Visitor: 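Pasting a structure here, questions to come.
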Amino acid sequence: MIDRASIAAAAGRIAPYTRHTPVMRLDDAACGTRVPVTLKLELLQHTGSFKPRGAFNRMLTADLPPAGVIAASGGNHAAAVAYAARALGVTAEIFVPGGTPETTVASIRRYGATVVQGGDTYAEARAAARERQAVKGAKEVQAYDNGDVLAGQGT
């Protein structure tokens, strides 16, 4: 279970590596709703989403092997893992499904990660990443199925 204490600890841990993004409050009339709306502008975060928060927290709480990190994703998590790995001086190998947009693949490579097409679907890419991880010994940075990732994303 992810609790406030684990999220607070994650926030302190990742603060040197992430941007403090602004919050924008809109009144109900601005959005046509009956309640005010609050937006957290994570599009201004490194890589354009909240995903680096989870990637950094996972890497900063794990013993990272010389083989680096490995992940499967066809989107924001892939770029976030590549970015965080580069910032921490760790190698990263990212498995993407075949239909991943070339702009996303280029972004992952620009952050210094090795990109491997691991099948046609996310499930196939994840299976290929896990097979490679078992051989290589890299630390898996799962997109959503890890408490450290979730606590970081909760910040």
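Quantities reported herein were computed from a predicted structural model and do not represent experimental measurements. Residue numbers count from 1 along this sequence.
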Visitor: Quick one: does Arg58's side chain have a donor or acceptor within less than 3.5 Å of a partner on Ala143's backbone?
Guide: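 Not a single qualifying donor-acceptor pair exists.
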
Visitor: Using side-chain heavy atoms (C-beta onward) and a distance below 4.5 Å, is Lys139 in contact with Asp63?
Guide: no

Visitor: In sequence, state the C-alpha distance, the side-chain angles, and the governing distance for Leu88 and Leu60, and then conclude on side chain to side chain contact (heavy atoms under 4.5 Å, CB included).
Guide: CA-CA 9 Å; Leu88 297 174; Leu60 291 168; 3.9 Å; yes

Visitor: For the residue pair Val105 and Glu102, establish whether any side-chain heavy-atom pair is separated by less than 4.5 Å.
Guide: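 SC-SC contact between Val105 and Glu102 confirmed.
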
Visitor: Nearest 0.5 Å, what's the CG-OG1 distance between Leu39 and Thr21?
Guide: 11.0 Å

Visitor: In sequence, state the C-alpha distance, the side-chain angles, and the governing distance for Gln142 and Arg130, and then conclude on side chain to side chain contact (heavy atoms under 4.5 Å, CB included).
Guide: CA-CA 10 Å; Gln142 184 48 252; Arg130 285 193 161 165; 3.8 Å; yes

Visitor: Treating Asp120 as the side-chain partner and Gly98 as the backbone partner, does any N or O pair qualify as donor plus acceptor under 3.5 Å?
Guide: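 No.
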
Visitor: Rounded to the nearest 0.5 Å, how far apart are CD of Glu42 and CG of Asn76?
Guide: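 So the CD of Glu42 and the CG of Asn76 are separated by 11.0 Å.
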
Visitor: Between Arg132 and Val116, is the side chain to side chain contact (heavy atoms under 4.5 Å, CB included) condition met? List the steps.
Guide: CA-CA 10 Å; Arg132 174 77 170 142; Val116 179; over 6 Å; no

Visitor: Before accepting this row, confirm whether a basic side-chain N of the pair Arg126/Asp145 lies closer than 4.0 Å to the acidic partner's carboxylate O.
Guide: yes

Visitor: Classify the ring geometry between Phe56 and Tyr17 as parallel (under 30°), tilted (30 to 60°) or perpendicular (over 60°).
Guide: parallel

Visitor: I need the Ile94 CD1 to Thr100 OG1 distance, nearest 0.5 Å.
Guide: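 One finds 11.0 Å between CD1 of Ile94 and OG1 of Thr100.
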
Visitor: Any chance you could measure His20, atom NE2, to Gln45, atom CD, to the nearest 0.5 Å?
Guide: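 Rounded to the nearest 0.5 Å, the NE2-CD separation comes to 10.5 Å.
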
Visitor: Please answer whether the main-chain N or O of Glu93 pairs with a side-chain N or O of Thr114 as donor and acceptor at a distance below 3.5 Å.
Guide: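 No.
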
Visitor: Identify the heavy atoms of Pro97 and Gly74 that sit nearest to each other, and give their distance.
Guide: CD-CA, 3.8 Å

Visitor: Is any side-chain heavy atom of Leu44 closer than 4.5 Å to one of Pro22?
Guide: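 When only atoms from C-beta onward are counted, Leu44 and Pro22 do touch, with a gap below 4.5 Å.
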
Visitor: How far apart are the closest heavy atoms of Ser73 and Ala78, and which atoms are they?
Guide: OG-N, 3.2 Å

Visitor: Tell me whether Ser6 contacts the main-chain N or O of Ile2 through its side chain, where contact means a donor paired with an acceptor under 3.5 Å.
Guide: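 Side chain of Ser6 to backbone of Ile2: no pair is present.
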
Visitor: Going by heavy atoms in the side chains, are Val69 and Val81 under 4.5 Å from each other?
Guide: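 In short, these two side chains touch, coming nearer than 4.5 Å.
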
Visitor: Whether the side chain of His77 engages the backbone of Ala55 through a donor-acceptor N/O pair (distance < 3.5 Å, no angle test) should be reported.
Guide: no

Visitor: Let me confirm one number: the CG-CE distance from Leu150 to Met1, rounded to the nearest 0.5 Å.
Guide: 12.0 Å

Visitor: Check step by step if side chain to side chain contact (heavy atoms under 4.5 Å, CB included) holds for Arg109 and Tyr111.
Guide: CA-CA 5 Å; Arg109 285 190 178 120; Tyr111 293 128; over 6 Å; no

Visitor: CZ of Arg53 to CZ of Arg19: how many Å apart, nearest 0.5 Å?
Guide: 11.0 Å

